[in-house]
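The structure presented is a predicted model; accordingly, all values stated were derived computationally and were not measured. Side chains are part of it too, since the values below use all heavy atoms of this structure and drop only hydrogens, waters and symmetry mates.
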Amino acid sequence: MHNAPPPLRDAAAFRNHQPMTKPARTRVGPSPTGDPHVGTAYMSLFDRAVADKTGGKFVLRIEDTDRNRYVADSEKQIVESLEWLGLTPDEGPDIGGDFGPYRQSERLPLYKEAAEQLISAGKAYKCFCTADRLATLRKIQQAEKSKRMGYDGLCRGLSAEEVQAKEASGEEYVVRLKMPREGEIEVHDLFRGTLKFIADEQQDAVMLKSDGFPTYHLAMAVDDHAMQITNVIRAEEWLPSTPIHFELYRAFGWEPPVFSHMPLLRNNDKSKISKRKNPTSLLWYRDAGFLPEALRNFLCLMGFSMPNDQEIFTYGEFLREFELSKVNVGGPIFDLKKLHWMNGEYIRALAPAELEKRLVEYVKLLVGREKEFADLPADQLPTEQFLSEFEQKRRQRSRVLAELAPTMMTAYDTNPKLMLPIIPLIRERMHTLGEAADYLPMFFTNEFTYTPDDFVAKKCTLDEAKKALNEMRSIVDATDFNDPEAAHKQLDDQSRAKAEELGMKLGPFLGPIRMAITGSKVSPPLMESMLVLGKDETLKRIDNAIQKLGA
RNA sequence: GGCCCCUUCAUCUAAUGGUUAGGAUACGGCCCUUUCAAGGCCGCGAUAUGGGUUCGAAUCCCAUAGGGGUCACCA
């Protein structure tokens, strides 16, 4: 028997009459089953925004009801990642709050009680079907290409005596929700309005598992109600099970919160974002040297855009313009290329001292982790070219920095002023902190692996290289490094003069010098680099090269 | 396959019945230049298709196509 549904508020009407003015309570409910997921951050961002916009609260709830997939470190990493991104919750397991505990594994009695309440009200029933039976059932349904998949409701008709007998004989059972068999189930979504589902096509979902733990469905409804959550912001993949949730709310006689089903972040091929095809771990973004504020900003763009076309903005600016109802529901492809660009913008906007600080922190993060960054075999790399190349380079860079770290940190500890002058030279060239690996080592080591061939270029023969090095040695030797500005001018002027004398363009002339000073054909500006290194070190490096070339 | 959601440049998106359909990334070119960048300028490039409604449709309606999600004692 199924009573007529009580009138539910219409989502559109609700939206119009109650814009986000009342303090909202939002929550994110990650399950601690692995690395913190970028999708969790994405949802948290909008949860945080709705809470902040309305002066409400954002709650972190750990949904650890799956004992099989539980990963011990996961919760800690989730908490740290959210903090890293500046999306710190107001209530949560390690913060506390008035609605705790915030771990579902610590709320088991609540779910049990709720399940019993449903059973005694005739809204749920005990199901003794074995996993085997369900598997067989599924197979048959698939073979028959049955329209109606899922549980067939066998135990729904069990008499009280039958239930008692089975229980007495120790048979395990789950608790299933009795879904209506007739009519439609209306659900409401902030973006999509009222959605109707055929009731008979819904199955009797499990509420309580045989191990006594609740499923997501029960735990979510019980907790959201108990924690007075007003807005459920979750991924679109939940849309098909929303009828269960609305039915559950009705069974309890509770008012459902406002549901907003956010679009799914996508891979390049439009499928739901996944580890194989796209980095999904927040730890990955941190390890690759993305700035949290850049990632956060980028995530804002996945579905939301500013009225003035502004793409780079602070959280405060975002909040001023943000409205949940303006979010785009088409699934956005997570374009790492654009994040890469944006991260570069953020790096360049950082004050040198701040970038210095971030860089030092970043290098410390990589210390001792060389093994983690071994090259990946081709078949384990993402299929998309940019992702694949970036991942391989990222590993190489992390290794370089991890290996450089001891030397670098020692030098830095000895002379804390060492780092700051380097920053302006490398910052224009970086998109991620990891890319510092391409430019940083030369400032801390002069042990280069170059060969004479490396000094030769199209417009610079070996003979010319030797001459250039000797000329530059004289120039440097004659320059007073104590006045950097004057020194720079002198180095520059003299180089030009000598290059002309040798009948060379400045670029080719500086090629061998660059190799001698930086050990690479690509480097930060040469004169500036020499000034940072100092006269002695510069001369030493030129001498090393001259020796190497036997000039 | 059933059910559900979605559909503007390659990608993120703007334009809520009247715009030469705008911006950003990426890509290409030029400038700057000491290599590499960064920066500046220019270019390429989209309303999925077909029907309606309307003086007028990217915008409203219907169909088709395409994409995605979901059909667990996982969340």
Categorize A:G303 for me: base, sugar-phosphate, or nothing, with a 4.0 angstrom heavy-atom threshold over every strand shown.
sugar-phosphate
Go ahead and name the base partner of B:rC36; Watson-Crick or wobble counts if both distances stay under 3.5 Å, otherwise write none.
none
Under 3.5 Å on both distances, the Watson-Crick or G-U partner of B:rC60
B:rG52
Electrostatic pair A:E485:A:K489 at N-O distance under 4.0 angstrom
no
Check: A:K338 side chain, B:rA24 base, donor-acceptor under 3.5 Å
yes
With the threshold set at 4.0 Å, does a side-chain nitrogen-carboxylate oxygen contact exist between A:D66 and A:K209?
no
Does any nucleotide pair with B:rC74 by Watson-Crick or G-U wobble geometry, both distances under 3.5 Å, and what is it?
none
For the pair made of CE in A:M504 and P in B:rU34, what is the distance, rounded to whole Å?
14 Å
Pairwise N/O distances under 3.5 Å, protein to nucleotides 36-40 of chain B:
residue : atom : partner : partner atom : Å
B:rC36  : O2   : A:R429  : NH1          : 2.7
B:rC36  : N3   : A:R429  : NH1          : 2.3
B:rA37  : O2'  : A:E428  : O            : 2.6
B:rA38  : OP1  : A:H431  : NE2          : 3.2
B:rA38  : O4'  : A:E428  : O            : 3.1
B:rA38  : O3'  : A:R348  : NH1          : 3.2
B:rA38  : O2'  : A:E428  : OE1          : 3.1
B:rG39  : OP1  : A:E345  : OE2          : 2.9

Between P of B:rA24 and CZ of A:F313, the distance in whole Å:
15 Å
Expressed as a whole number of angstroms, how long is the span from A:L265:CG to B:rU11:C1'?
13 Å
Contact class for A:L526 vs. all strands (heavy atom < 4.0 Å): base, sugar-phosphate, or nothing?
base
Pairwise C1' distance, B:rU33 and B:rC41 [rounded to whole Å]
16 Å
With rounding to the nearest 0.5 angstrom, report the CG to CE distance, A:L118 to A:M207.
8.0 Å
Sugar-phosphate, base or nothing in reach of A:F197, heavy atoms under 4.0 Å:
sugar-phosphate
Provide, to the nearest angstrom, the distance between the CG atom belonging to A:D309 and the P atom belonging to B:rA21.
17 Å
Salt-bridge contact A:R192-A:D189 (side-chain N to carboxylate O under 4.0 Å)
yes
In 5'-to-3' order, the base (B), backbone-only (S) or no-contact (-) status of each nucleotide in nucleotides 62-75 of chain B, using a 4.0 angstrom heavy-atom cut-off, is -----SSBSSSBBB
Taking NZ, NE, NH1 and NH2 as the nitrogens, is one of them in A:D438 or A:R429 under 4.0 Å from a carboxylate oxygen of the other?
no
For the residue pair A:E435 and A:T432, confirm or rule out a side-chain donor-acceptor distance under 3.5 Å.
yes
Distance between C1' atoms of B:rC71 and B:rA24 (Å, rounded)
39 Å
Send over the distance from A:E384 CD to B:rA10 C1', rounded to a whole Å.
11 Å
Would you say that more than 12 heavy atoms from the other residues, nucleotides or ligands in this model lie under 6.0 Å from the CD of A:Q494, or not?
yes
Note: A:E391-A:R394 ion pair, threshold 4.0 Å (strictly below):
yes
If the P atom of B:rA46 is compared with that of B:rG1, how far apart are they to the nearest Å?
32 Å
Using atom P of each nucleotide, how far apart are B:rU8 and B:rG67 to the nearest Å?
15 Å
Just say parallel, tilted or perpendicular for the rings of A:F448 and A:Y450, cut-offs at 30° and 60°.
tilted
Scan every strand shown for a Watson-Crick or G-U wobble partner of B:rA65, both distances under 3.5 Å, and answer none if you come up empty.
B:rU7
Tell me: CD of A:E528 to P of B:rU33, nearest whole Å?
15 Å
Paired with B:rC27 by Watson-Crick or G-U wobble geometry, both distances under 3.5 Å: which nucleotide is it?
B:rG43
Mind checking the P distance from B:rU25 to B:rG39? Whole angstroms is fine.
9 Å
Taken to the nearest whole Å, CG/A:L299 to P/B:rU25 is 19 Å
For nucleotides B:rU70 and B:rU16, find the distance between their C1' atoms and express it as a whole number of Å.
31 Å
Most 5' of A:D492 and A:L301 on RNA chain B, judged by nearest nucleotide
A:L301
If you draw a 6.0 Å radius around CZ in A:R348, do more than 12 non-hydrogen atoms from other residues or ligands fall strictly inside?
yes
Just how far, in rounded Å, is C1' of B:rU25 from CD1 of A:I312?
11 Å
Between B:rG17 and B:rG56, how far apart are the C1' atoms? Round to whole Å, please.
7 Å
Is A:E116 salt-bridged to A:K112, cutoff N-O under 4.0 Å?
yes
Side-chain N or O of A:N308 less than 4.0 angstrom from OP1 or OP2 on B:rA14?
no
Between A:R27 and A:E63 (salt bridge meaning N to carboxylate O under 4.0 Å), is one present in this structure?
no
Given B:rU34, B:rU25, B:rC5, which nucleotide is nearest the side-chain atoms of A:L195?
B:rC5
Under 4.0 angstrom, heavy atoms only, what part of the nucleic acid is A:R496 near: base, sugar-phosphate, or nothing?
sugar-phosphate
Can you tell me, in whole Å, how much space there is between the C1' of B:rU19 and that of B:rA14?
12 Å
Complementary nucleotide of B:rU16, counting Watson-Crick and G-U pairs under 3.5 Å:
none
